[in-house]
Amino acid sequence: MSKVRVRFAPSPTGFLHLGGARTALFNWAFARKHEGVFVLRIEDTDVVRSTEESVDVILESLEWLGLFWDEGPKVGGEYGPYFQSERLHLYRQYAEKLVQEGLAYFCYCTPQELEERRQATLAAGKSWRYDRKCYLLTPREREKLENAGRKPVIRFAIPPGHTTFQDMLRGEVSFENQELDDFVIMKSDGIPTYNFACVVDDALMQITHVIRGDDHISNTPRQVLLYKALGFPCPQFAHIPMILGKDRTRLSKRHGSPSVTYYRDQGYLPEAMLNYLARLSWATGEEEKEIFTREEIIARFSLDQVTKHAAVFDLDKLNWMNGVYLRQASNASLASLLEEILVRNGKVRREDLTPSFRAYCEQVVAIMKDRLRYVAQLVEEGEYFFSEDFPFDEEAVRGVLFEEGTGEILRASLVRLQKVDDFTVPLLEEAIREEANRLGVKAARLIHPLRVAVSGKRVGPGLFELLAVLGKGRVLFRIERALRMLEERSSG
RNA sequence: GGCCCAAUCGAAUAGUGGUUAGUUCGGCGGGCUCUCAAUCCGCAAGCCGGGGUUCAAUUCCCCGUUGGGCCA
């Protein structure tokens, strides 16, 4: 059996979205599982919408996920080039071959002419398909049109009959050829259309298995016909389900963000993202197990465990899964992630990333790890770690800080804490519990107002851990400030 | 509009011609606890509808419905 060769072929017209990432993932897993080759090809024939930045973002996203390709941009390979824009001569060559063999033909109809005839046909209550007006053009007629300055497209002549292919997930899928149009394979500017370039490339790159989204099912009969016309062997096809948003429509900005880089920038871990994506549409074959390393994914991956129906992207589950990975990650790695996010959000300047700040970040993630779903939460909800100018939750102030008797308690706590030289968890705990005893109240009576005073929130990490991380100076300052808030309230 | 694909708890999925239809996330309740988490224990929640085939259908077939896709 020949070596498995699969490919992922994105168009660089934007970021890599989750659906594309999952398609890449399945291709990659399939290749690794079968010790085959994973090819990356950039389908940049749409000159207007394709950008170099987009290529970079897509490559970065794949690399971040650890979906490394064996052939393609940056790494090369013997079937290159891997950018379609550098393969135009190949498409031209094969298109001309089809024309010479009478399997494709030049068409000079203008868009306006086509539209007129389409409207007329529709008005007559019939469904429109290209009417093959140019199919039987004589050389003379063609010459005339050329001389009139018309630039032809090349259309593929759909043969009669029907086209059937085996889908690895769905079995036999069949189309009537008459439903297919004599579609354009080369535009008048010499740029191939998607189906044609795709077939030429997949054939020339010796792709054995085409694993792609099921939105391509209806392209497949056209492609199968092209393989036959070009005399290429057909690859195996597997159309995997799409990923939809919560409302079961195509994943888009409305559903949060569909881009891989967004999740990277929010502080999701690549292993978590990969794991979650793998679990969409794929049954691992194991109950009670959701967490899979990339090696485990490869070892278990099989296309016949892939479902046939669309999957809904569930942020809750991704968050849960990312939390699992976050808790497994080292404080050092999370701290460096946190630093990047702080810099990107303008909370910290790059030159302030000192070793001591790094140590501080490690302490922060150490006490926050258990309650994080993604690292950027620390920027969104944990301002109090990085600034004195953090918001106070109104409900916490009203319900906890302004409770009767809190002033005396805070003042007593302040005095007591001033005497604690070393802000370590055991010493802080001892101090607060002793002070509670002395005042004849439960420790909680001190703990809750203190938390609000130093963090502005009524929920958060354990108080003693929090005080220890913030350090004596900031803690005392914040308690004094809270006391002033209380005074202002009672006087005003 | 034409064609194609799909359908099990809210979500991801397992599974079967005869099962108390399993698991994970989420939800709810409880334990632990300074709060929130984390963690542990428990609970609720599903076979899209209608016809067949069959002793028996969630499972096989057909139709419909709904959702999605491609083309226009």
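Each chain gets a letter, A, B and so on, in the order the sequences are listed, and its residues count up from 1. Below, each value reflects all heavy atoms present in this structure, side chains not excepted, and no hydrogens, waters or symmetry copies.
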Check: How does protein contact run along nucleotides 31-44 of chain B, one letter per nucleotide 5' to 3', with B for base contact, S for sugar-phosphate only, - for none, heavy atoms under 4.0 Å?
Finding: ---BBBBSS-----
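Residues from residues 468-480 of chain A placing a heavy atom under 4.0 Å of any atom in RNA chain B do not occur. Of the residues in residues 105-113 of chain A, not one places a heavy atom less than 4.0 Å from an atom of RNA chain B.
Proximity of the aromatic rings of A:Tyr263 and A:Tyr276 is defined here by a centroid distance below 6.0 angstrom, and this criterion is not met.
The side chain to side chain donor-acceptor pair (under 3.5 Å) contacts involving residues 10-26 of chain A comprise A:Arg22-A:Ser281, where partners must be two or more places apart or lie in separate chains. Applying the side chain to side chain donor-acceptor pair (under 3.5 Å) rule to pairs touching residues 401-412 of chain A yields A:Thr406-A:Arg445, sequence neighbours excluded.
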Name the atoms and distances for all side-chain donor-acceptor pairs under 3.5 Å in residues 367-375 of chain A, with sequence neighbours left out.
unit_1	atom_1	unit_2	atom_2	d
A:Lys369	NZ	A:Ala329	O	2.7
A:Lys369	NZ	A:Asn331	OD1	3.1
A:Arg371	NH1	A:Gly460	O	3.4
A:Tyr374	OH	A:Glu380	OE1	2.8

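Residues passing the side-chain hydrogen bond (donor to acceptor under 3.5 Å, both in side chains) test with A:Glu176: none are found, sequence neighbours excluded. Scored by the ring pair (Phe, Tyr, Trp, His ring centres under 6.0 Å) test, A:Phe156 finds A:Phe183 as partners (sequence neighbours excluded). Here A:Glu290 pairs with A:Arg279, A:Lys317 under the salt bridge (charged side-chain N to carboxylate O under 4.0 Å, His left out) rule; sequence neighbours left out.
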Is there any protein nitrogen or oxygen under 3.5 Å from a nitrogen or oxygen in nucleotides 20-22 of chain B, and what are the pairs?
unit_1	atom_1	unit_2	atom_2	d
B:G22	O2'	A:Glu287	OE1	2.9
B:G22	N2	A:Glu287	OE2	3.3
B:G22	N3	A:Glu287	OE2	2.9

For nucleotides 68-72 of chain B, give me every protein contact, N/O to N/O, under 3.5 Å, one pair per line with atom names.
unit_1	atom_1	unit_2	atom_2	d
B:G68	OP1	A:Arg248	O	3.4
B:G69	O2'	A:Asp215	O	3.1
B:C70	OP1	A:Arg250	NH1	3.4
B:C70	O4'	A:Ser218	OG	3.0
B:C70	O2'	A:Ser218	OG	3.1
B:A72	O3'	A:Arg118	NE	3.1
B:A72	O3'	A:Arg118	NH1	2.7
B:A72	O2'	A:Arg118	NH1	2.8

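Here the P atom of nucleotide B:U24 and the CG atom of A:Leu280 are 18 Å apart, to the nearest Å. B:G46 atom P lies 18 Å from atom NE2 of A:His309, rounded to whole Å.
Nearest-nucleotide mapping onto RNA chain B: of A:Val173 and A:Val312, the residue sitting toward the 5' end is A:Val173.
Between the side chains of A:Asp389 and A:Ser387, no donor-acceptor pair is found at a separation under 3.5 Å.
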Margin query: Expected output check: what is the dot-bracket annotation of RNA chain B, where ( ) and [ ] are pairs inside the strand (brackets for crossing ones), | is paired with another strand, and pairs are Watson-Crick or G-U under 3.5 Å?
Written below: (((((((..((((....[...)))).(((((.......)))))....(((((..]....)))))))))))).
